K.L.:
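Okay, here's the structure, questions in a sec.
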2 protein chains.
Amino acid sequence: MRRLAWSVLTTTHPTTSQGTEPDLAALASLLADRTRASFCTALLDGRAWTAGELARHAGVAPSTASEHLTSLVGAGLLVEVRQGRHRYLRLASRETAELIEAMSAAAPKAAPPRGLKAVHRSNALARGRTCYDHLAGALGVAVTEAVTGQGWIDWEDGPSLTASGRTGLAALGAEIPARTRRPLVRSCLDWTERRPHVAGAVGAALCSRALEAGWLVRLGGTGGGRAVGVTAEGRAVLAGTLGVPDEDLESAGA
Amino acid sequence: MRRLAWSVLTTTHPTTSQGTEPDLAALASLLADRTRASFCTALLDGRAWTAGELARHAGVAPSTASEHLTSLVGAGLLVEVRQGRHRYLRLASRETAELIEAMSAAAPKAAPPRGLKAVHRSNALARGRTCYDHLAGALGVAVTEAVTGQGWIDWEDGPSLTASGRTGLAALGAEIPARTRRPLVRSCLDWTERRPHVAGAVGAALCSRALEAGWLVRLGGTGGGRAVGVTAEGRAVLAGTLGVPDEDLESAGA
DNA sequence: CGCACGTTTCGGCGGCCGCCGAAACGTTCC
DNA sequence: GGAACGTTTCGGCGGCCGCCGAAACGTGCG
């Protein structure tokens, strides 16, 4: 048993004087705009985008994007790295990603996408995507069900990693950081499937291992975003070792 | 070990057609206004307020409040009960409360409150308050530390209730609903203390038992809100049985 | 050195939206 | 029935803010 040690959850903002109430409206205002929200959703892939990429992604002028990005960085939701004539932007922290993710699950669903390309991308996202550092979509849920079926995760009193899960992950080559304050297994409500998928250190280890080993690949070349597809080797591993049903692996081949 | 059973987390909104992307901006817009955000924060006490009370609380005309409330109810964040000439409003669900709570923890801190009364209330909230259905503030954190010290909660791999915790809670008279899909122990970042306090079914059981037994009372008479104070009996129980340090119980007597 | 490119700053336009007061509706109490 | 009260609807005002284009700045490349 371990005692409670105060993990300093990195605040998204330089800690100001305490004792004052949180300005909920200020935070919400940042995400209350379609363009800024689109930036944050795109950045949920965990990578760094340039300002121009984000502008094109959202369909606004570069000048407009620049102003929005400055405000998001100023509020501490994003961080930037300047390199040459480029401005790279990332989500500030995993906590920020989790917040956006949680809000997405609670948000009303927008009108169906318009245009063939958008529909295609939307379907790809529903099949399988990354959610900052773990898997989501039908694929993420299927993997979650599979490892649960293997007895790797126990959902009694909240999800936890079992002993067999620990060895199973090691056999896959998915390494979990030795000492991390991060919860090993976190349940995360999937907004396409409306069922939980596995996040936390275990979810991240599974996802990064799958990408590293070439079981999954990112789709949509030009910074398209978060969609992932299953490769032939991936199909073998996921179906064979984990027992993921075939129909959940029928994503757009890579 | 229990298998994963899909808890249908109540959506905050009538489920629309699936496959479409979440409209993050639409949700954020609802909370992006000081007045509407103030309503939601006030309703975090878990009780039902009348439209007029909320209007006075936020300092706007009743007509203004009425419009805001209609939009919040329409979006599914709040639910209403009409009774006579009153319109009672509550947060729609515990999930909604958790979302607002999570956003509050990430939100920047507003300027210190102005006015003697506001300062007083702010201090009371920092000392101890309810967070929908569990305890927060210095009091909530102190209780969390205390039960951890008693070995009731194990923080390894995420918080979980121990066997001794189960018996300890029973001895206190705090009953946990027999079968609940709700996580027994959930960690919730406190926005005043920046340290976690205990939520989930256990947090709710502790809080409701303490209020029911008269160990804690709600302060601030006229719908003032969420602040709670420790009574004399409460002091005895919390210090004696749980070992909460005295200095954390020095709240405004009730 | 000069051009191309990514980015930023500034001015200005337009629309959205939060606010109020006045008036109306329904309920409760006398 | 009449008065008081909580709430709602409507019209209109004002401010905020997201957008763009033009111009400027800095970097990298030929």
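Fair warning: this is a prediction, and the values are worked out from it, not measured in the lab. Worth knowing before you read on, the calculation uses all heavy atoms, side chains too, and leaves out hydrogens, waters and symmetry mates. Chain identifiers are assigned alphabetically (A, B, ...) following the order of the sequence lines, protein sequences preceding nucleic acid strands; residue numbering begins at 1 within each chain.
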K.L.:
Please give the angle, rounded to 10 degrees, between the axes at the start and the end of the helix from dC1(C)-dG30(D) to dC30(C)-dG1(D), where five pairs define each axis.
P.N.:
30°

K.L.:
Can you confirm whether Leu139(B) sits close enough to Leu216(B) that some side-chain heavy atom of one is under 4.5 Å from a side-chain heavy atom of the other?
P.N.:
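They are in contact (side-chain heavy atoms under 4.5 Å apart), so the answer is yes.
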
K.L.:
Can you give me the closest heavy-atom contact between Ala61(B) and Ala55(B), atom names plus distance?
P.N.:
O-CB, 4.3 Å

K.L.:
Side-chain contact test, heavy atoms from C-beta onward, threshold under 4.5 Å: evaluate it for Leu89(A) versus Leu72(A) and give yes or no.
P.N.:
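Leu89(A) vs Leu72(A): side chains apart.
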
K.L.:
What is the 5' to 3' range of DNA chain C, first to last nucleotide, that sits under 4.0 Å from any heavy atom of chain A?
P.N.:
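Counting from the 5' end, contacts occupy dA4(C) to dC10(C).
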
K.L.:
Could you give the side-chain donor-acceptor pairs of residues 32-39 of chain A under 3.5 Å, partners two or more places apart or in another chain?
P.N.:
unit_1	atom_1	unit_2	atom_2	d
Asp33(A)	OD2	Thr35(A)	N	3.0
Asp33(A)	OD2	Arg36(A)	N	3.1
Arg36(A)	NE	Leu30(A)	O	2.6
Arg36(A)	NH1	His68(A)	ND1	3.1
Arg36(A)	NH2	Ser29(A)	O	2.9

K.L.:
Enumerate the protein-to-nucleotides 25-30 of chain D contacts in which both atoms are nitrogen or oxygen and the separation is below 3.5 Å.
P.N.:
unit_1	atom_1	unit_2	atom_2	d
dT27(D)	O2	Arg85(A)	NH1	3.3

K.L.:
Looking at Arg186(B) and Val202(B), would you say the former's side chain and the latter's main chain have a donor-acceptor pair under 3.5 Å?
P.N.:
no

K.L.:
Determine all donor-acceptor pairs shorter than 3.5 Å in which one atom belongs to a side chain in residues 74-81 of chain A; sequence neighbours excluded.
P.N.:
unit_1	atom_1	unit_2	atom_2	d
Glu80(A)	OE1	Arg87(A)	NE	2.7
Glu80(A)	OE1	Arg87(A)	NH2	2.9
Glu80(A)	OE2	Arg82(A)	NE	3.3
Glu80(A)	OE2	Arg82(A)	NH2	3.3

K.L.:
Do any N or O atoms from the side chain of Asp190(A) and from the backbone of Gly137(A) form a donor-acceptor pair under 3.5 angstrom?
P.N.:
yes

K.L.:
Quick check against the 3.5 Å criterion: does Ser66(A) have a side-chain atom that pairs as donor or acceptor with the backbone of Pro62(A)?
P.N.:
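Pair absent, no side-chain N/O of Ser66(A) close to backbone of Pro62(A).
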
K.L.:
Does atom CD (Glu175(B)) have a neighbourhood of more than 12 heavy atoms from anything else shown, all under 6.0 Å?
P.N.:
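No, not enclosed.
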
K.L.:
Taking only heavy atoms on the protein side, list every residue of residues 33-40 of chain A lying under 4.0 Å from any atom of DNA chain D, sorted numerically.
P.N.:
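Asp33(A), Thr35(A), Arg36(A) - these, ordered by number, are the residues of the stretch whose heavy atoms sit under 4.0 Å from the strand.
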
K.L.:
Which residue in the set Val141(A), Leu135(A), Leu189(A) passes side chain to side chain contact (heavy atoms under 4.5 Å, CB included) when paired with His197(A)?
P.N.:
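Between His197(A) and the candidates, side chain to side chain contact (heavy atoms under 4.5 Å, CB included) is satisfied uniquely by Val141(A).
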
K.L.:
Sub-3.5 Å donor-acceptor pair from the side chain of Thr231(B) to the main-chain atoms of Gly214(B), do we have one?
P.N.:
yes

K.L.:
Find the distance between OH (Tyr88(A)) and OG1 (Thr50(A)) and round it off to the nearest 0.5 Å.
P.N.:
6.5 Å

K.L.:
Contact class for Arg56(A) vs. all strands (heavy atom < 4.0 Å): base, sugar-phosphate, or nothing?
P.N.:
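No contact.
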
